[in-house]
Amino acid sequence: MTRNIMSTLSFEIHPFQSYSSSSFQIENPKPNLLNSSSKESTVDIIHAKVIKNGTIQHLHVGNYLLNLYVKSQNLGYAQELFDEFSDRDVQSWTILIAGFNRIGSSKMALDLFTKMQKESISPNKFTFSSVLKCCASVNDLRMGKAIHGLITRDGIILDVVLVNSILDFYVKCGAFNYAEKLFELMTEKDTVSWNIIIGAYLQIGDMQKALSLFRWLPVKDVASWNTIIDGHMRNGLESNALDLLYQIVEIGPVFNEATFTIALVLVSSLSILELGKQIHGRVLRIGIHNDGFVRDSIIDMYCKCGQMEKASVIFQSLPQDFVRHNSKISWDESVVGSISCSVMVAGYVLNGRLEEALKVFGTMVREQFEVDKFTLTTIVSACANVGLLELGQQIHGHLLKIGHKVDVFLGSSMIDMYAKCGRLDDAWSIFRQTNVRNIVLWTSMISSCALHGQGREAIRLFELMQNEGITPNEVSFVGVLTACTHAGLVKEGHKYFKLMKEVYGIKPGVEHLTCMVDLLGRAGRLDEIKDFIYENAISHLTAVWSAFLSSCRVHKNIEMARWVSEKLLELEPFEAGAYVLLSNTCATNHRWDEAAKLRGLMQEKGVKKHPGQSWIQLKNRVHTFVMGDRSHPQEAEIYSYLDNLIGKLKEIGYSTDVNLVMQDVEEEQKEVLVSFHSEKLAIAYGLICTSHGTPIRVMKNLRVCTDCHNFIKTCENAVEEALGVN
DNA sequence: TTAGGGTTAG
């Protein structure tokens with residue numbers, strides 16, 4: 001039976017509560033769409049009746065009932081019923097085997113098949129078809145071959161349907177030679193046979209062969225079209241897939257559910273919202289919007305096109321019944337399944353709405369939905385983005401406990417999560433434990449080293465990865481270039497930039513170009529940046545000028561800063577960053593009047609700067625602070641603690657760095673302003689609330705300022721406890 | 001025979 005991960009999950013998602021003007025608020029979700037009703041299902045009623053009138057004693061009635069439970073994916077009851085049978089025929093076994101296979105419990109199904117043989121029940125062609133499907137889904141080529149042998153040995157009549165299922169099995173297990181041979185030997189072939197073999201060519205990426213067979217195929221059914229469109233999409237040929245989709249509209253058969261699903265996935269990957277809406281409209285007109293596949297694809301399409309409100313409306317409008325694997329489910333097909341929830345979680349994460357993602361996830365846990373590795377991957381990624389180390393660790397522990405294999409997706413997001421939460425060692429340990437490593441997993445580890453300033457290590461990994469025959473992609477280059485930047489490895493940076501363009505043929509994107517500007521800028525080579533910008537014809541890129549400006553500030557070059565910010569503001573007159581950076585540069589150079597002018601200009605134009613925020617998670621609450629925040633219930637205690645702490649730190653050499661305060665105010669007042677930066681408030685609160693030796697992790701939406709950086713450093717020097725502050 | 005959800009940068 002499919003294992004419901006949550007049945008062994010020990011953690012609970014507690015409601016978070018946050019104070020102050022937080023953008024990160026996780027409340028106890030209101031179960032508005034989650035009032036699961038436990039209405040008695042139709043199968044149960046039938047069950048009760050046949051028991052009462054005694055017809056359950058008849059095998060065919062029992063099998064009929066068994067089939068009803070299986071069809072409603074109610075395998076627990078199906079198994080119970082099956083166990084109660086005094087007599088079982090091949091049909092009883094086959095129904096149950098197929099049922100377990102359908103819900104993804106291929107192992108259970110195969111065990112049943114073994115038991116059935118032990119009881120000397122001869123399988124029929126339906127049994128064989130089902131068992132072959134199981135072999136395909138657990139990728140057991142050997143077992144499948146043995147079944148193939150059994151079919152031949154037992155003299156089962158090889159009708160085209162059965163041969164097709166053998167053919168399909170070989171294709172799914174990647175045994176193309178067997179499939180090709182079998183296909184050649186087939187005396188009778190139907191469209192299904194052709195569809196399977198076309199699918200095989202698509203699977204190995206032989207587009208020409210697949211397309212020529214498809215063109216030649218005299219009778220193309222909707223599955224032929226679905227196969228060829230989907231195959232193009234999976235091979236990264238989205239525009240060809242779109243052409244084919246238009247062709248099926250013109251000359252092909254009527255769409256079925258699969259066509260709509262494929263079309264919606266295509267639309268999502270191309271982000272063509274308008275077409276997606278049209279498809280949605282057609283789905284509604286035809287009335288197949290309650291099909292699970294179609295519905296989830298529609299929700300996903302809106303998520304991927306950034307239309308979370310629309311996605312949420314559809315999600316919330318679904319009937320208030322829930323499908324949970326292995327539990328009683330409604331007969332009504334239009335129920336929210338765990339995949340719908342999973343899609344919503346992923347959508348919220350994708351669109352940066354992490355608190356909402358966690359809300360849906362919390363509901364899934366509470367309502368005992370099946371939380372599979374898809375959902376967990378997304379949640380771990382959400383943890384990475386907000387620094388929820390505890391939840392990430394709990395998921396990790398849970399995976400260990402249930403012995404769940406960490407695949408490349410989960411592995412990558414866990415590496416990222418640990419690294420972003422300041423635990424590079426744990427990121428390494430995940431990396432070392434993985435036996436299958438794809439480009440994303442490698443890149444996660446490379447970027448993690450880069451994030452922690454371990455440039456040389458990142459480069460070593462990058463080289464190791466290449467030696468293993470993995471081709472770096474554009475993200476890997478962002479990682480290695482960032483590593484060079486953070487470690488001041490200018491020469492290496494140039495080397496990899498060249499490698500990317502010339503050896504791997506990757507066109508530098510904004511991220512790579514910005515990295516290069518940053519690399520030169522940190523090394524103080526401001527003049528070289530100018531050359532770089534003009535050589536690469538990238539003077540139209542805002543991000544590049546922002547990086548340049550930030551370098552000007554670091555190197556206190558006010559003339560250059562003025563010139564750069566002019567360029568930047570020409571491109572982006574409402575970009576707060578330019579004003580802030582330039583005025584900070586002016587302030588650093590004590591040009592108060594200029595700084596004030598810029599502030600005035602900002603106000604005049606209505607340019608708003610993102611307020612700096614810091615938050616800390618203590619127990620199950622997230623406490624958020626902004627500069628000079630007085631909204632926290634314990635504000636008096638926080639301020640007096642901080643005041644006291646700063647006093648003590650000053651005794652051992654800390655002095656407030658007021659250069660970053662852009663206002664022209666008295667020195668004393670400047671000191672007050674930097675003293676109440678949000679991160680200091682969060683740290684103070686963390687120190688108040690935790691016992692000696694507890695690491696303190698503070699998350700921020702902006703970069704830490706120099707003064708806070710020094711403040712933390714002095715804290716670390718002063719106190720022996722390692723304050724694991726990010 | 002065909003179809004849905006997940007990872008890395010920014």
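So that the names make sense, note that chain A is the first sequence line, chain B the second, and so on, each numbered from 1.
Residue A:K172 is classed as a sugar-phosphate contact, given heavy-atom separations below 4.0 Å to backbone atoms only. At a threshold of 4.0 angstrom between heavy atoms, the contacts of A:D168 are confined to the sugar-phosphate backbone, with no base atom among them. Counting non-hydrogen atoms under 4.0 angstrom, A:V343 reaches the backbone sugars and phosphates but no base. Contact annotation for A:S444: backbone-only contact, meaning every heavy-atom pair under 4.0 Å involves sugar-phosphate atoms and none involves a base. Nucleic acid contact for A:R234: sugar-phosphate only, since backbone atoms but no base atoms lie under 4.0 Å from a heavy atom of the residue. A:V349 comes within 4.0 angstrom of nothing in the nucleic acid, heavy atoms only. Within 4.0 Å of A:I262, counting heavy atoms only, lie sugar-phosphate atoms of the nucleic acid but no base atom. A:N256 comes within 4.0 angstrom of a base, heavy atoms only.
Side-chain contact of A:S429 with A:D426: a donor-acceptor pair under 3.5 Å is absent, judged by distance alone. Side chain to side chain, A:T443 and A:S476 meet the donor-acceptor criterion of an N or O pair below 3.5 Å. Residues A:T377 and A:S413 have side chains that never bring a donor and an acceptor to within less than 3.5 angstrom of each other. Between A:Y178 and A:H148, the side chains place no donor N or O within less than 3.5 Å of an acceptor N or O (distance only, hydrogens not considered).
For A:T191, no side-chain nitrogen or oxygen approaches OP1 or OP2 of B:dT1 to under 4.0 Å. Between B:dG6 and A:K304, a contact under 4.0 Å exists linking OP1 or OP2 to a side-chain N or O. A sub-4.0 Å separation between OP1 or OP2 of B:dT2 and a side-chain N or O of A:K220 is absent.
A:H232 places its NE2 atom 15 Å from the C1' atom of B:dT2, with the value rounded to the nearest Å. Following rounding to the nearest Å, A:I314 (CD1) and B:dG5 (P) show an atom-to-atom distance of 16 Å. Going from atom CE of A:M417 over to atom P of B:dT7 covers 15 Å, rounded to whole Å. Going from atom CD1 of A:I506 over to atom C1' of B:dT8 covers 14 Å, rounded to whole Å. The CG atom of A:L399 sits 14 Å away from the C1' atom of B:dT7 (whole-angstrom rounding). One can place CD1 of A:I248 at 14 Å from P of B:dA3, the figure rounded to the nearest angstrom. As a whole-Å value, the separation of A:L264 CG from B:dG5 C1' is 14 Å. Atom pair A:I439:CD1 and B:dT8:P shows a separation of 14 Å (rounding to whole Å applied).
Distances from the side chain of A:V478 to the nucleotides B:dA3, B:dT1, B:dA9 place B:dA9 closest. Which of B:dG5, B:dA9, B:dT2 sits closest to the side chain of A:D372 comes down to B:dG5. When distances are taken from the side chain of A:I196 to each of B:dG6, B:dT7, B:dT1, the shortest belongs to B:dT1. Across B:dT1, B:dA3, B:dG6, the shortest atom-to-atom separation from the side chain of A:F293 is found for B:dA3. With distances taken from any side-chain atom of A:V192 to the nucleotides B:dT7, B:dT1, B:dG5, the minimum falls on B:dT1. In this structure, the nucleotide among B:dA3, B:dG5, B:dA9 sitting nearest to the side chain of A:T261 is B:dA3. Comparing B:dT7, B:dT2, B:dT1 by their nearest atom to the side chain of A:S412 picks out B:dT7. Comparing atom distances between the A:K133 side chain and each of B:dT2, B:dT1, B:dG6 picks out B:dT1 as nearest. The side chain of A:D291 lies closest to B:dA3 when the candidates are B:dA3, B:dG5, B:dG6. You'll find that the side chain of A:F374 is closest to B:dG5, out of B:dA3, B:dG5, B:dT8.
Take A:D221 and apply the salt bridge (charged side-chain N to carboxylate O under 4.0 Å, His left out) test, not counting sequence neighbours, and it matches no residue. A:K125 meets the salt bridge (charged side-chain N to carboxylate O under 4.0 Å, His left out) test with A:D159; sequence neighbours excluded.
Within 3.5 Å, a donor on the side chain of A:T377 pairs with an acceptor on the base of B:dG6, or the reverse.
Annotation: A:W194 is in aromatic contact with A:F183 [ring centroid separation under 6.0 Å].
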